[in-house]
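Take a look at the structure set out below.
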Amino acid sequence: MKQLIVIGAGQGGLSAAIYAKLKGWDVLVLEGREQSGGKAGGIVQGDYLLDPGPSIIILPRLYEAVFAAAGRKMSDYLVFDKLPTISRIYFEGSPPLDLPGTREECLRTLKEIAPQDYRGIQDLLRKLGSVAPLVDKTVFSRPYLTSKDMLDPGLLQFGLRFNPLRNYRQMVDRWVTSPLLRAFFYGFPSYGGQTWNSKAPGAFLIPYYMIEDGVYFPRGGVRAIPAAFEKLAKELGVEFRYNSKVNEVLGNESKATGVRLTTGEVISAHAVVSNADKLSLLTPRDGDPGWEPSFSYFTCHWGISKTIQGLDHHVLVIPKNFETGFEELYDKRTFPTNPIVYLNAVGALDPLAQPPGKTLLFSVVTAPAEVKGIHWEESKWNYVKSVKSELRSAGIEWCEDDEEFQRIQTPSTFAQRDGNYRGSLYGPDEPHRLMGLFPLGNRDAKWDNLTFCGGSVQPGAGLPMVTLSGKFAVDLLSTR
Ligand SMILES: Cc1cc2nc3c(=O)[nH]c(=O)nc-3n(C[C@H](O)[C@H](O)[C@H](O)COP(=O)(O)OP(=O)(O)OC[C@H]3O[C@@H](n4cnc5c(N)ncnc54)[C@H](O)[C@@H]3O)c2cc1C
């Protein structure tokens, strides 16, 4: 049997390992850390059990497809509950608003809060409903590696449904006028490494799937997702080695031949799939390209010895001057003076996360990555202050004496711990994307038996996307 090494057991690497095993490869996963899951793997902190990354879970059908490919029922490994609300929104100066988790109720609520925008929202959803099947047939099905690939009729049809002269912000502004709805929509391009200046109609798909299909939470916390994938991979016979960090991929003129670990050990293979960030992994061979990174996150976890009022599983705190915050983030690449804070409080959904009577909070702010002008290590305490101040303005506060711990992640955490290129979760910035649109390709330019999965390559970041990327990386190997 032909040997395949998968570098990294994040969600992308786990998916790749499963697909590769199903295609007959003998698969060895080399994970640098002591556990699988990457950004979605659980972290024990005293009596608390933290999910350090994802929390908004959409499109469970994309995970289901992996279990189905292996002839298994996902429900035997992983169960998702649909949440009754998408999010509780605190818009400065307005009472809190719960955005319901079902389409009909959500639309009713949107009609109540922004009747002037109801028609625009319906038009937008109708348009997205017409392109969603095209997305399944295109970006969810295959990577786009060359400009020629972009002539795919499905992609062209998608593009033609939107005005090519309008950027994302102009499209939002055309469909909705309510400040709350604009603030809600403006953030989505960043989840794909793009901005409100981008020609990024695809960014509307995230809120579309949230409204049309709902937001989910896995039983056992987000960490249950990679744990279920790891279990399936092991059952299929995939071998895992933890604490095995790959230093570089080795190869000759035309092929990758294996990897060298940081310990100096060399392991040979017929092919390599990397879940490690593409640019970071290739730096020893190709040098640092010196490209600007895309976006990242600044996060804080707090374990608080009391119950806190005003929470829901997903909370969005939006300052009145949110437009300035987006200008700072998107146009100036600085940390917003008044950030929009996403706050996650999953204690009720995930009983193991916090001890009884206590509260686990997790705040996430979209941020520039390791860019000139931001010294994350020095500035992080000021950013924590800004985040707490925004939460306080929504009435969410606690006494620092009640904090049992505070745990901060900056883009430098993602660079050092996970190997993300300059801390970016989405690879390099837009000029280095395929036609400014698509993330890096899943294939190596030099070695045709080296392919990539994970958030820095297509179809992009986010757990459902990186799960698809695992399949892309394996499909590219088997087609040559
Ligand atoms: C704060 C935050 C919030 C997020 N929110 C959401 C959300 O709500 N919903 C959503 O869907 N997504 C969300 N995401 C994005 C999502 O977490 C990521 O896109 C996804 O987890 C990335 O998976 P990955 O496969 O790219 O690998 P990673 O999770 O980055 O894992 C890569 C793995 O490879 C290992 N590795 C790296 N280099 C090497 C090496 N050289 N040798 C051996 N092993 C190596 C690492 O140790 C790691 O285990 C969020 C991310 C963050 C950080």
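Both counts, for ligands and for their atoms, begin at 1 and track the order of listing.
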Quiz: residues 456-471 side-chain donor-acceptor pairs under 3.5 angstrom, not counting sequence neighbours:
| unit_1 | atom_1 | unit_2 | atom_2 | d |
| --- | --- | --- | --- | --- |
| Ser456 | OG | Lys278 | N | 3.3 |
| Gln458 | OE1 | Tyr144 | N | 2.6 |
| Gln458 | NE2 | Tyr144 | O | 2.6 |
| Gln458 | NE2 | Pro439 | O | 3.1 |
| Thr467 | OG1 | Gln11 | NE2 | 3.1 |
| Thr467 | OG1 | Leu463 | O | 2.7 |
| Ser469 | OG | Gly454 | N | 2.8 |
| Ser469 | OG | Val466 | O | 2.6 |
| Lys471 | NZ | Asp475 | OD2 | 2.8 |

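Ligand-side atoms of ligand 1 in range of Pro464: 11 (O), range being under 4.0 angstrom from any heavy atom. Of all atoms in ligand 1, listed by their number and element, those nearer than 4.0 Å to a heavy atom of Ser244 are 43 (C). Heavy-atom proximity to Phe414, at under 4.0 Å, picks out these atoms of ligand 1: 53 (C). Here is the list of ligand 1 atoms found below 4.0 Å of a heavy atom in Gln11: 25 (O). Ligand-side atoms of ligand 1 in range of Arg33: 47 (O), range being under 4.0 angstrom from any heavy atom. In summary, the atoms of ligand 1 found under 4.0 Å from a heavy atom of Ala276, numbered by their order in the structure, are 37 (C), 38 (N), 39 (C). Under a 4.0 Å criterion applied to the non-hydrogen atoms of Asp418, ligand 1 contributes the atoms 37 (C), 38 (N). Distances below 4.0 Å separate heavy atoms of Thr299 from the following atoms of ligand 1: 1 (C).
For the pair Gly12 and ligand 1, the shortest N or O to N or O distance falls below 3.5 Å. Looking at Arg417 next to ligand 1, no N or O pair under 3.5 Å apart turns up. Remark: ligand 1 and Gly13 share no N or O pair separated by less than 3.5 Å (distance only, no angle test). Of the N or O atoms in Gly455, one or more lie within a sub-3.5 Å distance of an N or O in ligand 1. At least one N or O atom of Ile56, backbone or side chain, sits closer than 3.5 Å to an N or O atom of ligand 1. Any N or O atom pair closer than 3.5 Å counts here, and Gln35 shares no such pair with ligand 1.
Atom 18 (C) of ligand 1 has its closest protein heavy atom at Gly462 N, 4.0 Å. For atom 24 (P) of ligand 1, the nearest non-hydrogen atom of the protein is Asn275 ND2, 3.6 Å. Residue, atom and distance of the protein heavy atom nearest to atom 36 (N) of ligand 1 are Gly8 CA, 4.1 Å. Summary of contacts: the protein heavy atom closest to atom 5 (N) of ligand 1 is Pro54 CA, 3.2 Å. What sits closest to atom 28 (P) of ligand 1 on the protein, heavy atoms only, is Lys39 NZ, 3.7 Å. Among all non-hydrogen protein atoms, the one lying nearest atom 43 (C) of ligand 1 is Gly32 N, 3.2 Å. Nearest protein heavy-atom neighbour of atom 52 (C) of ligand 1: Tyr297 CD1, 3.5 Å. Counting protein heavy atoms only, atom 46 (C) of ligand 1 is closest to Glu31 OE2, 3.5 Å.
Only side-chain heavy atoms of Val466 come within less than 4.0 Å of ligand 1; its backbone N, CA, C and O stay farther off. Heavy atoms of Ser36 found under 4.0 angstrom from ligand 1: none, in either backbone or side chain. When heavy-atom distances to ligand 1 are checked against a 4.0 Å cut-off, Leu30 comes that close only through its backbone atoms N, CA, C and O. Residue-level proximity to ligand 1 for Val246 is carried by backbone and side chain together, each with a heavy atom below 4.0 angstrom.
Using a 4.0 Å heavy-atom cutoff, Ser469 is absent from the residues neighbouring ligand 1. Ligand 1 lies out of reach of Ser274, whose nearest heavy atom is not under 4.0 Å from it. Not close to ligand 1: Tyr191, with no non-hydrogen atom less than 4.0 angstrom away. Taking 4.0 Å as the cut-off, Gly419 does not count as a neighbour of ligand 1 on heavy-atom distance.
Between Ser36 and Glu230, the side chains place a donor N or O and an acceptor N or O closer than 3.5 Å (distance only, hydrogens not considered). Glu370 and Ser412 are linked by a side-chain donor-acceptor pair at a separation below 3.5 angstrom, with hydrogens and angles left out of the test. Side-chain contact check for Ser244 and Glu31: no donor-acceptor pair (N or O, by modelled atom type) lies under 3.5 Å. Side-chain contact annotation: Tyr77 with Arg72, donor-acceptor N/O pair under 3.5 Å present. Looking at Thr85 and His313, their side chains do bring a donor and an acceptor atom within 3.5 Å of each other. In this structure, a donor-acceptor pair under 3.5 Å is present between the side chains of Ser55 and Tyr342.
Lys2 NZ: 12 or fewer foreign heavy atoms inside a 6.0 Å radius.
Note on ring orientation: taking the six-membered ring where Trp is involved, the planes of Phe326 and Tyr330 are parallel (angle under 30°, cut-offs 30° and 60°).
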Go through Glu265 and Arg241 one step at a time and tell me if the salt bridge (charged side-chain N to carboxylate O under 4.0 Å, His left out) criterion holds.
CA-CA 13 Å; Glu265 183 186 353; Arg241 272 179 64 179; 2.8 Å; yes
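Of the charged side-chain nitrogens involved, none lies within less than 4.0 Å of a carboxylate oxygen, so that Arg333 and Glu292 do not count as a salt-bridged pair. Classification of Asp448 and Arg443 as a salt-bridged pair fails, no side-chain N sitting under 4.0 Å from a carboxylate O. The residues Glu239 and Lys21 are annotated as not salt-bridged, no charged nitrogen and carboxylate oxygen being separated by less than 4.0 angstrom.
Geometrically, Arg285 engages Trp447 in a cation-pi contact defined by less than 6.0 Å to the ring centre and at most 45° from the axis.
Close placement of the Tyr186 and Trp196 rings is indicated, their centers lying within 6.0 Å of each other. Here Phe204 and Tyr208 keep their ring centres 6.0 angstrom or further from each other. Ring pair Phe295/Tyr426: centre-to-centre distance not below 6.0 Å.
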